[in-house]
Amino acid sequence: MKIFINKLIPEVGMQLLARPDIDLLMPENPEISYDEWISYCQQCDAILNIGAYKIDAKFFDLCPSVKAVSLFSVGYDQVDLPEATRRGIPVSNTPDVLSKATSDISFMLMLMVSRLASFQTNQVRIGVRFKYFNPVANLGQELYGKTLGIFGLGRIGYEMAIKCQGAYDMPIIYHNRNRHPEMEEKLGAKYVSFEELLAQSDVLSIHANYSPEYHGLFNKDVFSQMKENAILVNTARGGFVNELDLDDALKAGEIWGAGLDVTDPEPMLPDNPLLKQERVCVLPHIGSATLEARRGMARIAAENIVAFVQGEKLKTCLNPEVYS
């Protein structure tokens with residue numbers, strides 16, 4: 001079978017794909033245009049997709065030979081999953097293997113913002129000289145006993161919660177579409193309404209799966225309901241946050257700071273006013289950027305392709321109803 005992979009992945013995945021029953025297509029230049037991407041996909045039975053373009057009805061119409069999609073990610077917002085299901089096309093992702101790594105970034109962003117670490121590092125970099133001790137300048141805040149609010153308590157949110165409990169004895173509240181009794185028992189977490197999450201969280205960390213209905217959910221109305229000392233952390237998807245409203249809320253003192261590993265668009269434009277905020281830390285979407293996480297993602301994504309080639313179900317299928 002012909003399989004298209006648009007970028008090189010860690011060796012463990014490439015080795016799994018090196019099979020006599022797989023004819024692997026991969027461009028020399030990974031930064032291909034949409035038309036080039038479509039041209040490759042049109043030749044293939046399945047694709048292993050690494051952060052490329054939208055996989056929607058237009059894609060399926062243009063690439064009728066594609067019968068399976070293996071994503072090199074946990075998030076699947078780039079795929080029209082109902083449309084794939086309607087056409088009987090299984091779609092898989094790479095869950096679990098990057099939960100710890102991504103939660104590390106959430107925890108790090110929380111700490112960096114709380115102690116103005118990004119701002120202070122930049123002061124050193126540009127050669128600012130602290131000539132005298134100022135007891136009231138550039139002060140951060142401590143996190144001990146503060147309340148962690150989680151929007152979307154799943155695998156990554158759970159890892160973030162246990163870090164915050166262990167390090168700072170932070171009580172956990174959360175809001176999901178549905179309650180999560182298992183997490184409540186493990187963490188002693190309390191389920192609250194979205195409005196209560198905003199009003200009670202000292203740190204609000206976003207971990208939900210993104211969908212278009214959530215676009216710009218964290219906007220001026222939401223920020224006005226948060227604590228003045230609140231820190232917003234987003235390692236999920238940039239589309240959750242209205243960045244102009246966030247900038248206004250920070251300037252108005254409606255919330256205290258923000259740590260973002262994801263932005264809208266990505267990468268963040270260099271003239272974005274958030275980059276000038278002292279209590280903001282922005283990273284270039286590095287949640288899964290560890291050797292261990294990327295190797296795990298490569299293994300799972302490749303195993304899903306191998307399963308398809310062998311006529312088996314994709315191991316981490318997002319729409320298993322296609323098999324019924």
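Note that the CD1 atom of Ile255 and the CZ atom of Arg279 stand 10.5 Å from one another [nearest 0.5 Å]. Expressed to the nearest 0.5 Å, how far CD1 of Ile9 lies from CG of Leu16 amounts to 8.0 Å. The distance from the CG atom of Leu250 to the CD atom of Gln277 is 4.5 Å, given to the nearest 0.5 Å. The structure places CD1 of Ile3 at 7.0 Å from SG of Cys44, a figure rounded to the nearest 0.5 Å. Taken from CE in Met297 to OG in Ser288, the straight-line distance is 4.5 Å, to the nearest 0.5 Å. To the nearest 0.5 Å, the span separating CD1 on Ile172 from OG1 on Thr147 amounts to 8.5 Å.
Using the six-membered ring where Trp is involved, Tyr40 and Phe4 have ring planes that are parallel, under 30° apart on the 30 and 60° scheme.
Here Asp247 pairs with Lys251 in a salt bridge; the nearest charged N to carboxylate O distance falls below 4.0 Å. Remark: Arg177 engages Glu213 in a salt bridge, criterion side-chain N to carboxylate O under 4.0 Å. Contact check on Glu159 versus Lys100 returns a salt bridge, with a Lys/Arg side-chain nitrogen under 4.0 Å from an Asp/Glu carboxylate oxygen.
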Step-by-step side-chain hydrogen bond (donor to acceptor under 3.5 Å, both in side chains) determination, Glu196 to Gln200: CA-CA 6 Å; Glu196 290 172 319; Gln200 297 175 26; 4.5 Å; no
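Here the side chain of Asp245 pairs no donor or acceptor atom with the backbone of Asp248 at under 3.5 angstrom.
In this model, no donor atom of one side chain and acceptor atom of the other lie less than 3.5 Å apart for Tyr168 and Glu142. A donor-acceptor pair shorter than 3.5 Å can be found between the side chains of His215 and Tyr210. Judged by distance alone, the side chains of Thr235 and Thr102 never bring a donor and an acceptor atom under 3.5 Å apart.
Just one of Val91, Asn319, Ile305 meets the side chain to side chain contact (heavy atoms under 4.5 Å, CB included) condition when paired with Val69; it is Val91. For the side-chain hydrogen bond (donor to acceptor under 3.5 Å, both in side chains) with Asp202, the qualifying choice from Lys146, Gln141, Lys227 is Lys227, the only one to do so.
Closest of all the heavy-atom pairs between Pro95 and Val74 is CA-CG2, 3.9 Å.
Considering only heavy atoms from C-beta on, Ile206 comes within 4.5 Å of Phe218 through its side chain.
In this structure, Phe151 has its ring center at least 6.0 angstrom away from the ring center of Tyr174. Checked against the 6.0 Å centroid criterion, the rings of Tyr53 and Phe59 do not qualify as a close aromatic pair.
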